[in-house]
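The shown structure was predicted, so the numbers you read here are calculated from the model rather than taken from an experiment.
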Amino acid sequence: QVQLVESGGGLVQAGGSLRLACAASGSIFSINGAGWYRQAPGKQRELVAGITSGGSTNYADSVKGRFTISRANAKNTVYLQMNSLKPEDTAVYYCNAAVNNGLGIISYYWGQGTQVTVSS
């Protein structure tokens, strides 16, 4: 019904930048909110950044001032701009979205993940 596809991951040197995109497709009336999570090997998946339907954002302390979450005008794509990347940012990054299908159903979906590797 709904699919989230992340893109934009890759290998970058410390201090560099990447922009991740999460494109939603399928039966979507609106995206109420979305977030970016990451999971490094041997660690729990953690929230990196979130954005509400009203546009409010929140960030993990470790990325404040460096990462920015945003939505496209159509609100079917969510971005994560990552600047001043550090080796400790290395992880698989996942998009999550709360989707309203217009029929009174709100469901949460995960993307497949995209690898971000930051070299020192």
Side-chain angles (χ1 to χ4, degrees):
Q1 186 179 25
V2 174
Q3 184 177 16
L4 305 181
V5 178
E6 297 103 331
S7 62
L11 193 155
V12 65
Q13 290 185 328
S17 298
L18 287 173
R19 188 179 72 161
L20 307 184
C22 173
S25 62
S27 182
I28 300 171
F29 180 78
S30 64
I31 298 176
N32 287 1
W36 285 95
Y37 296 73
R38 68 186 181 188
Q39 187 167 20
K43 295 185 178 180
Q44 292 285 113
R45 187 173 299 185
E46 63 174 343
L47 175 67
V48 176
I51 186 166
T52 70
S53 60
S56 297
T57 59
N58 64 283
Y59 300 91
D61 288 342
S62 60
V63 307
K64 284 182 178 178
R66 300 188 297 119
F67 291 10
T68 303
I69 187 171
S70 62
R71 296 193 302 250
N73 289 340
K75 294 183 171 62
N76 62 354
T77 302
V78 182
Y79 300 95
L80 184 68
Q81 178 67 46
M82 305 185 293
N83 298 327
S84 301
L85 283 162
K86 304 175 180 179
E88 50 263 45
D89 295 319
T90 296
V92 178
Y93 284 71
Y94 298 89
C95 178
N96 178 266
V99 176
N100 181 352
N101 69 354
L103 300 174
I105 303 296
I106 299 176
S107 301
Y108 295 85
Y109 297 89
W110 289 96
Q112 84 288 349
T114 185
Q115 177 71 48
V116 172
T117 302
V118 184
S119 62
S120 60

* Asked: How far apart are the C-alpha atoms of E6 and L20, what are their side-chain angles, what is the distance that settles it, and do they pass the side-chain contact (heavy atoms from CB on, under 4.5 Å) test?
  -> CA-CA 7 Å; E6 297 103 331; L20 307 184; over 6 Å; no
* For T90, does its backbone N or O pair with a side-chain atom of T117 as donor and acceptor, under 3.5 Å? -> no
* Give the intermediate values and the outcome of side-chain contact (heavy atoms from CB on, under 4.5 Å) for residues Q1 and Y109. => CA-CA 10 Å; Q1 186 179 25; Y109 297 89; 3.4 Å; yes
* Asked: Y93 and R38: which non-hydrogen atoms are nearest, and at how many Å?
  -> OH-NH1, 2.9 Å
* **Test ring-ring contact (aromatic ring centres under 6.0 Å, His included) applied to Y94 - qualifying residues, sequence neighbours left out** => none
* Check the pair S119, L11 against side-chain contact (heavy atoms from CB on, under 4.5 Å), reporting the backbone distance first and the verdict last. => CA-CA 7 Å; S119 62; L11 193 155; 4.2 Å; yes
* Looking only at heavy atoms, what is the nearest atom pair of T77 and A21, with distance? -> CG2-CB, 4.4 Å
* To do: Please round to the nearest 0.5 Å and tell me the distance separating atom CG of L4 and atom CG of N96.
  => 7.5 Å
* To do: For residues S17 and S84, report the shortest heavy-atom separation together with the two atoms involved.
  => OG-N, 4.3 Å
* Out of curiosity, L18 CG to L85 CG, how far, rounded to the nearest 0.5 Å? -> 5.5 Å
* Walk me through it: do L47 and Y37 pass the test side-chain contact (heavy atoms from CB on, under 4.5 Å)? => CA-CA 4 Å; L47 175 67; Y37 296 73; 3.6 Å; yes
* Asked: Can D89 and K86 be counted as an ion pair, charged N to O under 4.0 angstrom?
  -> no
* **Heavy-atom closest pair, residues I69 and W36** => CD1-CD1, 3.7 Å
* Under 3.5 Å donor-acceptor, R71 side chain and G33 backbone -> no
* **Transitive ILVMFWY side-chain link M82 to Y59, under 4.5 Å** => yes
* CD/E88: more than 12 non-hydrogen atoms of other groups inside 6.0 Å -> yes
